[in-house]
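Comments concern the structure below.
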There are 2 protein chains.
Amino acid sequence: MFELLFQYFEQKSGLTLSTTEKELIESTFKLKRLRKKQYFQQEGDICKHMCFIVRGAARMYSVDDKGHEHIIRFGMEGWWLGDYESYMLQTPTRFHVEMLENSDLLIVPKEHMERLIETVPAIAATIKVIDKQSAIATQQRIHAAISLSAEERYDSLVKTYPAFLQRFPQTMIASYLGITPETLSRLRNKKTPH
Amino acid sequence: MFELLFQYFEQKSGLTLSTTEKELIESTFKLKRLRKKQYFQQEGDICKHMCFIVRGAARMYSVDDKGHEHIIRFGMEGWWLGDYESYMLQTPTRFHVEMLENSDLLIVPKEHMERLIETVPAIAATIKVIDKQSAIATQQRIHAAISLSAEERYDSLVKTYPAFLQRFPQTMIASYLGITPETLSRLRNKKTPH
DNA sequence: CCACTTGCTTAACATTTATCAACGCTATTT
DNA sequence: AAATAGCGTTGATAAATGTTAAGCAAGTGG
């Protein structure tokens, strides 16, 4: 169950985990199973855990005044789940996080995570790396959002995250792109007539 | 000249800089003056320096196939300048960085910066904090971009960065919001008739 | 096995936003 | 002072995208 998490820390950090460190991690993270359609967090919650996806998938989304949903990001194996802002600042989140498949999660309370970061160098290094990577990835998404048309954003998604198309319904892909399902359906139709 | 930079490190990190550390910083950063309309970087460049703005302002933008410009972000006193992705990955940038006012910058080559990060705890802590803050800020902008209309994005900008409106022409505000200057002009007109 | 939900598509129509063109005002340059 | 460029505005029109409604196929849960 923990193998993916160990691999993840070692690969991101470029460091090796000792047996002791692995035992420490195993005793600190707790397994949590959530079934499809269950919620990991809801609007207004304060995100008190780091959460690593071992198996399964999820979406994080907001709901606006008109009742429309907007998917900020997806999660799947080897990704972290939950609102980073709420976790870091301990403020109520604006987002819901709903499982899209039956999932196995490894979760750890914030205080324990902070102790782990101090204790295990590979984890500290991993956090640094993912903060940087996330800053880069989000900048790219902003660039796409303000400078590309709906069609170009879709093309870019196909290239960047082809797995999304296999795994998530088109309605949700549309929401992730910031367009309606109807518009996405028409775009795709235009590309492959018939 | 260095006072703003020292304050910045101390405030972001919550730590204090010793006299030795300050001297080290002074001897590592170099002053660079750029006049309005000069470029700090151009598309295709690899960003080899960290750059702190002491005085002045700038914009980072891309140019698409149709020749339209899209402003990814602004910079002003107490902000860092340059494409973070290009700096971190040492890849050619897609963005131009142009000064919007005569500016005083403090720059330091990447390798020197990395040595500073290892040597000065307050700088290491600052980098951690700004990576986190930038991840949070960019997530908020993504949320705005995919879930808000042009008018709502403008309202949100007015609240979040009122200084932008004082300092940058409307054409650029529009580009930052991902809309045309004409659309922005009409939005504003609708709000304050006459 | 049936009722129900979910996902995707299509059509007609409405709204938002972009495009193109023109004008006036300021500031800057010559 | 004249010429120029930058900035904001406005109008007419076009393009992109959203809205509402309907239908069908496939999957799901009782």
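Every chain is numbered from 1 and lettered A, B, ... according to where its sequence line falls, protein lines coming before strand lines. What you are looking at is a predicted structure, and each value in this text was computed from that prediction instead of being measured.
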Y154(B) OH - dT17(C) C1' separation (whole Å)
17 Å
For a quick test of reading the model: is some side-chain N or O of Q170(B) closer than 4.0 Å to OP1 or OP2 of dT9(D)?
yes
What is the distance from CG of L100(A) to C1' of dT6(C), rounded to the nearest Å?
13 Å
Just how far, in rounded Å, is C1' of dT17(D) from NZ of K190(A)?
12 Å
Does E151(A) reach a base, just sugar-phosphate, or nothing at all? Heavy atoms under 4.0 Å.
nothing
With a 4.0 Å cut-off on heavy atoms, is K66(A) in touch with a base, just the backbone sugar-phosphate, or nothing at all?
nothing
Output the single nucleotide from dG11(D), dT17(C), dA12(C) whose closest atom is nearest the side chain of R186(B).
dG11(D)
Over how many whole Å does the gap from M172(B) atom CE to dG6(D) atom P extend?
10 Å
Can you check the K37(A) NZ to dG27(D) C1' distance for me, whole Å?
11 Å
Check E69(B) with R59(B), please: is the shortest side-chain N to carboxylate O separation under 4.0 Å?
yes
Side-chain atoms of I179(A) come closest, of dT17(C), dT19(C), dG18(D), to dG18(D)
Does the ring of Y176(A) carry R141(A) above it, NZ/CZ under 6.0 angstrom from centre and within 45° of its axis?
yes
N189(B) has a side chain; which of dT19(D), dC7(D), dT9(D) sits nearest to it?
dT9(D)
Nearest whole Å is fine: how far is dG23(D) P from E182(A) CD?
16 Å
Does dT17(D) have OP1 or OP2 under 4.0 Å away from a side-chain N or O of T183(A)?
no
Nearest whole angstrom, please: distance from the P of dG18(D) to the CG of L148(B).
14 Å
From dC20(C), dT20(D), dC7(D), nucleotide with atom closest to T171(B) side chain:
dC7(D)
Between dT28(C) and K36(B), is there an OP1 or OP2 to side-chain N/O distance shorter than 4.0 Å?
no
Do the side chains of E114(B) and K110(B) get close enough for a salt bridge, i.e. N-O under 4.0 angstrom?
yes
Salt bridge or not between E111(A) and K48(A)? Use side-chain N to carboxylate O under 4.0 Å.
no
Compare the minimum distances between each of dT19(C), dT6(C), dG8(D) and the side chain of P169(B), then state the nucleotide with the smallest one.
dG8(D)
Taking NZ, NE, NH1 and NH2 as the nitrogens, is one of them in R167(A) or E77(A) under 4.0 Å from a carboxylate oxygen of the other?
yes
d(CZ, R59(A); P, dT6(C)) in whole Å:
11 Å
Mind checking if L184(B) touches a base, just sugar-phosphate, or nothing, with heavy atoms under 4.0 Å?
nothing
